[in-house]
Asker: 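I have a structure I would like to understand better, so I am pasting it below and will then ask my questions one at a time.
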Amino acid sequence: MSRVHLVLNAGSSSLKFQVFLDDGADVPNRLYRGLFEGLGTDPHFRVTDHDGAPAGEERWPGQGAFGFEEALAHLSDWLGAHRGGHQLAAVGHRVVHGGPHFAHAVRLTPEIIAELDTLSPLAPLHQPRSLEPIRIIARRVPGLPQVAAFDTAFHHTQPEMARLFAIPQSLTDAGVRRYGFHGLSYAYLASQFPKVDPRLAHGRVVAAHLGNGASLCGYDAGRSIATTMGFSALDGLVMGTRSGAIDAGVVFYLQRELGMSADEAEHFLYTQCGLLGVSGLSNDMRVLREAADADPGARRAIDLFVYRIARETGSLMAALGGIDALVFTAGIGENDAETRAEVIGALRWAGFELDAEANRAGATRITRGEGPQAYVIATDEEWTIVREMRAVLGAETAH
Ligand code: ADP
């Protein structure tokens, strides 16, 4: 009987999942991709098969009590009916924070789960949510291997200078330092560099993960050297609804002058700012592009998004000592040719020369000339989780 891997990604009100055939191949054999959204309000389950065709859908309108527990029970029943005789070999989880110590994915035991829980103060909005499905599965199916793959782990190669804030050492020792996120995406890109262009595998590369969350990572020979996200996933670029880097003085202003509590200020900076806040219209790049000709707010939001990417790319070039390639990925990076053209335009000084036709046509390489090149590579964070899960469980069997 063949086996499958289940990959889970728990969000604040959603649970995304993908099912892969465990066939040992080095390209993904994805059977299903789906999600529960509206958990806690109007839960909705949707799944598509490997061709993207609908494979299931269900709604539970107004059932606010339907959470991860109910979603996982439903998923287990659905998988039982749709696995086609496959046996579930293991579950891999995207866990946002691995703290200062977890530099690789890890097999989950009660002790490790407890240790990951101690990192919750570092990511209070995300870490407890990531751990919930892990605990539920451990209780429901105690023998099933579970692995956590971390968004922070890829950045463990960064030099100390890239990780430090200018604060007393005692606070740094307590964990107040830069970690970086989107590591599962950056690890995937690094694995693809040699296939796209062998020079990328050895060169100085800046990758731009531009989705709802957005960050840049500077690689030297495929290893993370610096990144724009820091202590939290709030830092760095303008995002869909997050402010990105902001003077800490603004946070004091929000509290002192506008009377916000710490939680309210955090909620504001995570959910009301970024493209949404600047445009006053939407966090969705497609909506902003449609509106930009007639709506100055939409135009300003896009211009600030691009300006910050170009400026932070310059900062990463300083950390890398130059640049050989820029790589675009995620929802905006993979699909929005205009954003790519504008970023490359803002980086002409660094020698980038846009190939407008290749960019519009969705080619992999979108620049020409003798200078540094820009590429588009579709990311696959779930496949990174499967590969890391195989490495962890394979190493255990080998011992
Ligand atoms: P998440 O971080 O939630 O995974 P995604 O990587 O899916 O986000 O990126 C979402 C963003 O990608 C949204 O701003 C969306 O507008 C943008 N996007 C998706 N498709 C397109 C497109 N064809 N053109 C422009 N932007 C797009």
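Order of listing sets the numbers, starting from 1, for every ligand and every atom in it. Values below: every heavy atom of this structure, side chains too, minus hydrogens, waters and symmetry copies.
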Asker: Could you tell me whether some N/O pair between Met285 and ligand 1 is separated by less than 3.5 angstrom?
Answerer: yes

Asker: Please work out which of the three classes, parallel, tilted or perpendicular, describes the rings of Tyr186 and His182, given edges at 30° and 60°.
Answerer: perpendicular

Asker: Quick one: does Gly213 get a heavy atom under 4.0 Å from ligand 1?
Answerer: yes

Asker: Verify the distance criterion only: is there a donor paired with an acceptor across the side chains of Thr339 and Arg289 at less than 3.5 Å?
Answerer: yes

Asker: Return a yes/no value for Lys16: is any of its N or O atoms, backbone included, closer than 3.5 angstrom to an N or O of ligand 1?
Answerer: no

Asker: Taking atom 15 (C) of ligand 1 as the point of reference, which of Thr339, Asn283, Asp284 owns the nearest heavy atom?
Answerer: Asp284

Asker: May I ask you to identify the nearest protein heavy atom to atom 10 (C) of ligand 1, giving residue, atom name and distance to one decimal place in Å?
Answerer: Asn212 N, 3.8 Å

Asker: Please indicate whether any nitrogen or oxygen in Gly211 is less than 3.5 Å from any nitrogen or oxygen in ligand 1.
Answerer: no

Asker: For atom 22 (C) of ligand 1, grab the closest protein heavy atom and report residue, atom and distance to one decimal in Å.
Answerer: Asn335 CB, 3.3 Å

Asker: Can you confirm whether the side chains of His209 and Thr329 place a donor and an acceptor under 3.5 Å from each other?
Answerer: no

Asker: For atom 17 (C) of ligand 1, which protein heavy atom lies nearest, and how many Å away is it?
Answerer: Ile332 CG1, 3.6 Å

Asker: Below 4.0 angstrom from a heavy atom of Ala330, which ligand 1 atoms are there? Numbered from 1 as shown, please.
Answerer: 6 (O)

Asker: Return yes if a side-chain donor-acceptor contact under 3.5 Å exists between His267 and Gln272, otherwise no.
Answerer: no

Asker: With rounding to the nearest 0.5 angstrom, report the OG1 to CG distance, Thr228 to Leu216.
Answerer: 4.5 Å

Asker: Drop me the distance from Arg340's CZ to Ile309's CD1, to the nearest 0.5 angstrom.
Answerer: 12.0 Å

Asker: Starting from atom 7 (O) of ligand 1, what is the nearest protein heavy atom, named by residue and atom, and what distance separates them?
Answerer: Gly331 CA, 4.3 Å

Asker: Say whether Ser224 and His155, considering side chains only, have a donor N or O and an acceptor N or O under 3.5 Å apart.
Answerer: yes

Asker: Tell me which one of Met239, Arg286, Glu338, His182 gets a heavy atom nearest to atom 26 (N) of ligand 1.
Answerer: Arg286

Asker: Only one of Tyr219, Tyr188, Phe181 passes ring pair (Phe, Tyr, Trp, His ring centres under 6.0 Å) with Phe154; say which it is.
Answerer: Tyr219

